[in-house]
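Down below is the structure, laid out as structure tokens.
First listed ligand is number 1; within each ligand, the first listed atom is number 1. The chain is numbered in sequence order, starting from 1. What you see is a predicted model; the values in this text were computed from it and never measured.
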Amino acid sequence: MDLKSFWAPHMGAVSLTFDDGRPSQLQKAIPAMDKRGIKGSFYLSMKKETWEKDLLPWKEVALAGHEIGNHSLSHLCSNNLIGRRGGLDDVTLPEIETDILAAQERLVQIAPHQSQWTYAYTCYETFVGRGVSRQSYVPVIAKHFLSGRGGGEYGIANHPGRVDLACTHGLATDRMSGFEMIGLVEALAAQGQWVILVFHDIDGSRLTVGHYEFNLLLDYLHRRSGEVWTAPVAQVAAKIAGYQAAHP
Ligand SMILES: [Zn+2]
């Protein structure tokens, strides 16, 4: 695969992704991105009973050209991670599929104009069940979504010719400096890769990145927009899906 001609006129791509619909994303991330014309992907959580009210401000976000993504309804993670029973270990494939499709029914109400939808695995975990009955639910995501964002080792991005769009590699940015995020993007995008950065809070107390650090990254992406393509996940995934379909 000729990565240069695939990405031309850019050299690689970056997607800024945000999970759980945290208030600091609305208050700090989105205004800073809008100021620079940078669009991101927002994977919303609806597990609280106030989901209808919580989703309201995201309608505006969707209309401004940001991507709204599915992050399931119940936000299940492994029992070990959540510290109790009732997590991913204890559900079946039909149950997780029902939960994700229920979330989708709610999300289409706030972004009815979106034609393609992507998913972000909760806690980067892609399985249901435990032990000998543990199964991947990546096929469920492949069936319903253009792509699904997973995660894993530090410093890894996605090769457009090789990546399984149903389980892409997301890179957690928790507590990173602006310089570190810029360095990762610079090193990986320069090799023709698609870097998917994962954010939760900006200036929060947990899984967070500082406002100053985030703005350093945005300034860099804005300055380098001729070489580094910053776009929502659905846009980059659609380009990659087109290439992969033509080169099976
Ligand atoms: Zn989450």
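For the Zn ion (ligand 1), the set of nearby N, O or S atoms under 2.8 Å includes one belonging to His71. Using a cut-off of 2.8 Å, one finds that Asp19 contributes no N/O/S atom close to the Zn ion (ligand 1). The Zn ion (ligand 1) does not have His200 among its coordinating residues (no N/O/S atom, backbone or side chain, under 2.8 Å).
If you look at His75 and ask which of its N, O or S atoms sits nearest the Zn ion (ligand 1), the answer is NE2. If you look at Asp20 and ask which of its N, O or S atoms sits nearest the Zn ion (ligand 1), the answer is OD1.
Heavy atoms from other residues, nucleotides or ligands lying under 6.0 Å from CG of Asp164 number more than 12.
Using the six-membered ring where Trp is involved, His66 and Phe42 have ring planes that are perpendicular, over 60° apart on the 30 and 60° scheme. Below 30°, between 30° and 60°, or above 60°: for Tyr243 and His247 the angle between ring planes is below 30°, a parallel geometry.
In this structure, the side chains of Thr17 and Val233 come closer than 4.5 Å at one or more pairs of heavy atoms.
Side chains of Glu213 and Ser177: a donor-acceptor N/O pair is absent below 3.5 angstrom, by distance only.
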